[in-house]
Amino acid sequence: MPQEDITTVAHDERYDAQRIESKWFERWQQDPELYAAERDSTKQKYYVLEMLPYPSGALHMGHVRNYSIGDALARYMWMNGYNVLHPMGWDSFGLPAENAAIANNTPPKDWTLRNIANMKAQMKRLGFAYDWSREVTTCLPDYYRWNQWFFLKLYEKGLAYRKKSRVNWCPKCATVLANEQVVGGHCWRHEDTVVEQRELEQWFLRITQYADELLRDLEKLKEWPEKVRTMQRNWIGRSEGALVDFKLDSPSGSFGDKIQVFTTRIDTIYGATSLQLAPQHPLVVDFAAGNPDLRAKVDQLISEQGKAREVGDIGEIEKHGVNTGRYALNPFNNSKVPIWVANYILMDYGTGAIMSVPAHDERDFDFAKKYKIDIRIVILPNSGDPEETVTEPPLPFTTMDGMVVNSGPFSGLSCEEAVKKMSEYAESHGFGKATVTFRLKDWGISRQRYWGTPIPMLYCENDGIVPVPESELPVVLPENVDITLSGGSPLGRVSSFVNTMCPKCGGPARRETDTMDTFVDSSWYFYRYTDSQNNTAPFDSGTIDYWFPIDQYIGGVEHAILHLIYSRFWTKFMRDMGLVKNDEPVERLFTQGMIIKNGAKMSKSLGNVVSPDDMVERYGADSARMYTLFATSPESELDWQDAGIEGVQRFLSRVHRFVARNAQNASSERPDGGTARQIQRKLHQTIKRVSDDFQGRWHFNTSVAAIMELVNALYATEDKETSGSRLPADVLRDVQRNLVLLLAPFAPYLAHELWEMLGEKQSLLRAAWPKYDPALAKEDEIEIPVQVNGKLRGRFVVPADAEESTVKANALADENVKVYIAGKQVVKIVLVPGKLINIVVR
RNA sequence: GCGAAAGUGGCGGAAUUGGCAGACGCACCAGACUUAGGAUCUGGCGGGUAAAACCGUGGGGGUUCGAGUCCCCCCUUUCGCACCA
């Protein structure tokens, strides 16, 4: 039957992604080494890392995009002869496993390991070349025992401590959240849930000890996105100022006789006409103790603050306050100022108390106007001319570029001088000092949850808090635990876990039942990859010296603060322990854009979720991967369009067809030298464009576009009758080979298939990246456009190596022109390749 | 409100240093091959015109022989921060 003939012929040329991909998938399964190029520590190293996923059940397109970038880079670096480390793992502790456990009555461990198995299979199917021998799974004891080990070291160094404090509590998660996990007053996981404040005993890590260095070293991270550095800078929130004590008019019971305020503008202190306290301030609690009316008003302020957090994005709430009827003394001039409580004062910044200077602070100004509090001007604009001195500046006048007035002995100083002198004065008189405060708070890591690393601490009646001895690690998370989302940590109900013996006195002791924040796991996992089987240490320090810092880290910008600040802290702490030498974990950071569809985030409720499995099944892994790189540049948001991935698939099938058609019939019927030269030029221009993108801008969309142009040019060499290329055999062979190499980082399955089809014997993974030859890329002739008075009037076509020419362009014949270059009249024109010649008529 | 990034055809996006705006792809149109085409190949495709001219990179100014690109003002969008004293 003729139909059979057609299909037989078509079979070779038709791009059957499923057939090709399953063939190579099977081969790679059988030889895992094919996933990872040979390791050779004499070569220069390159550590490319993608953020490890939470095993939620299945990959989403964001993962595919992230890993497609990393995998392309890893393959490119391999082909360029580097010793590449490209690992993958699982951030596998966390609340969703507990929720799933409750919903499906499955132990969190089973659920998690099943998800890992599924997602790992998806990754393999997508053809990502990870070195699976280094896989890290954070929920397994051989990993989390080192969390515990680090915790003990932190505790030894005084960097882990326990204190009772007001903490953020998410009622949905039924656990504490770190400050970093509260977004606009809401839980980072539950955008609709308002975070509550609770008093709890918690374990904290003293990240603030590194606040200064974390800030300072941001300067070193030149290869990080500026956006991320700014976010971290703001988050750390360093501000220089002074602490000043105001004496209370009468000592207040438990609180003492003075109140400390923090200010960045001590130079304005003579203008302080009230003190403002946060509603939660202990002195307010004191004042309100015998004053139910005040208590009620203060409670009202607290609730207003809560609402402000709830509203979140609406902005500042209206300022309210209440006068306590008490007074304090300004230590500089002994003036008596009323003490107020105000809803715009935050307890968790500075001292929770401020001096209010209405004339020179916008917020204080608003407040003072509302409550008719005195406004006292102590700074004037610094005109430099005493005659022109303004005595009534527009209020509030907040600039630092001014002169201090009405301020006793400090009058006449510039603001800057006054800040310095007044701080010194306060310090020498014992009522204040210059200081630095940070917005960054210590990292609360206790979680009242089951599925996390047990905190290796014990509570003994005799010895108090006792660390679990190192030799007894890991403290293994018990299985078969009854999980509920209320009533405290599920571990607290496992008596065989809780009850133990004190290693100091041998008496009964209780284990800590809280587990660690999962951000602990991800703070150092990338070190573990270098030595993932080590069971005597978290890793070998010598191996770290070779691999670190990470050359390229790739992930979502949503981790700009949390994960990336904790990781930096962890590295600095390990450095101070002598475990690592690097100050920073990551040399270059890349944050890829989100994937959206129809203008919205993909979500089940919107029904616009694109599933990687579905895409692989319909178009193949190569098409799915390549589309995520081609649709837009990696840092931009990507609006998913199925028509776009179809286009990529069409392109891959064009590549396949061209190579399949021309792989065998190497002897061309009509060799054509000129076409060959053009194709070689195009090839080498393409090699340059793709290589440049890898080394610089990472605009893989333009890399792919360049390869498409090359393929279009190859199609133009085909004979219309026979569909065979008219290129000479050697050129055809060379260009096909290089085309496959260029394709390898983006579409590895097809590249392997075609590589084999071309009869190449060496593994594609070990093949060298095409070498760019500028001589071959160079144009023989160049066009130089000529412009007259800003209008394009003609062009010269000259040999590429020409240096001089004369004006002959026909378009210019009838112009009565003088010729200028760079503003000078010239007779002869010097040609600069790529530059336009300008002719000005004067 | 503060800070940052961005604004280019019907759409996603190119234009790395100021030098032919719209590469590449999608969609669309036409042709070829076909019993057929949701396959493939070839061509077209910013507006405008019979063809030119001319007009076009959010708006308005400016610098320059020349501006999507540099400078100033404004508008819009997105992101981050948001009473941090």
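Here is the naming used below: chain letters follow the sequence lines, and residue numbers restart at 1 for every chain.
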message: Does a side-chain N or O of A:R654 approach OP1 or OP2 of B:rC41 to a distance below 4.0 Å, or not?
response: yes

query: Expressed as a whole number of Å, how far does the P atom of B:rC2 sit from that of B:rA67?
result: 33 Å

query: Do the side-chain N or O atoms of A:R650 get closer than 4.0 angstrom to the phosphate oxygens (OP1, OP2) of B:rA27?
result: yes

Paired nucleotide for B:rA4 [Watson-Crick or G-U wobble; both distances under 3.5 Å]: B:rU78

query: Is the glycosidic torsion of B:rG80 within 90° of 0, making it syn, or is it anti?
result: anti

- prompt: Would you say B:rC41 has OP1 or OP2 under 4.0 Å from some side-chain N or O of A:R657?
  reply: yes

message: What is the distance, to the nearest angstrom, from the CZ atom on A:R265 to the P atom on B:rA85?
response: 12 Å

Any A:N701 side-chain nitrogen or oxygen under 4.0 Å from OP1 or OP2 of B:rA14: yes

task: Using the P atom on both, measure B:rC41 against B:rG68 and round to a whole Å.
output: 36 Å

task: Please check if the side chain of A:R238 supplies one atom and the backbone of A:T437 the other of a donor-acceptor pair under 3.5 Å.
output: no

task: Could you please name the partner base of B:rC83, counting Watson-Crick and G-U wobble pairs only when both distances are under 3.5 Å?
output: none

- request: Indicate, with a heavy-atom threshold strictly under 4.0 Å, whether A:L638 touches base, sugar-phosphate, or nothing.
  value: nothing

More than 12 heavy atoms of other groups within 6.0 Å of A:Q260 CD: yes

- prompt: Using atom P of each nucleotide, how far apart are B:rG56 and B:rA30 to the nearest Å?
  reply: 32 Å

message: Is it the case that the side chain of A:S68 and the backbone of A:V64 share a donor-acceptor pair, with hydrogens and angles ignored and the cut-off at 3.5 Å?
response: yes

task: For B:rC75 and B:rG60, measure between their P atoms and round to the nearest Å.
output: 15 Å

- prompt: Is there a donor-acceptor pair closer than 3.5 Å between any side-chain N or O of A:E637 and the backbone N or O of A:I596?
  reply: no

Contact under 4.0 Å: A:R233 side-chain N or O vs B:rA4 OP1/OP2: no

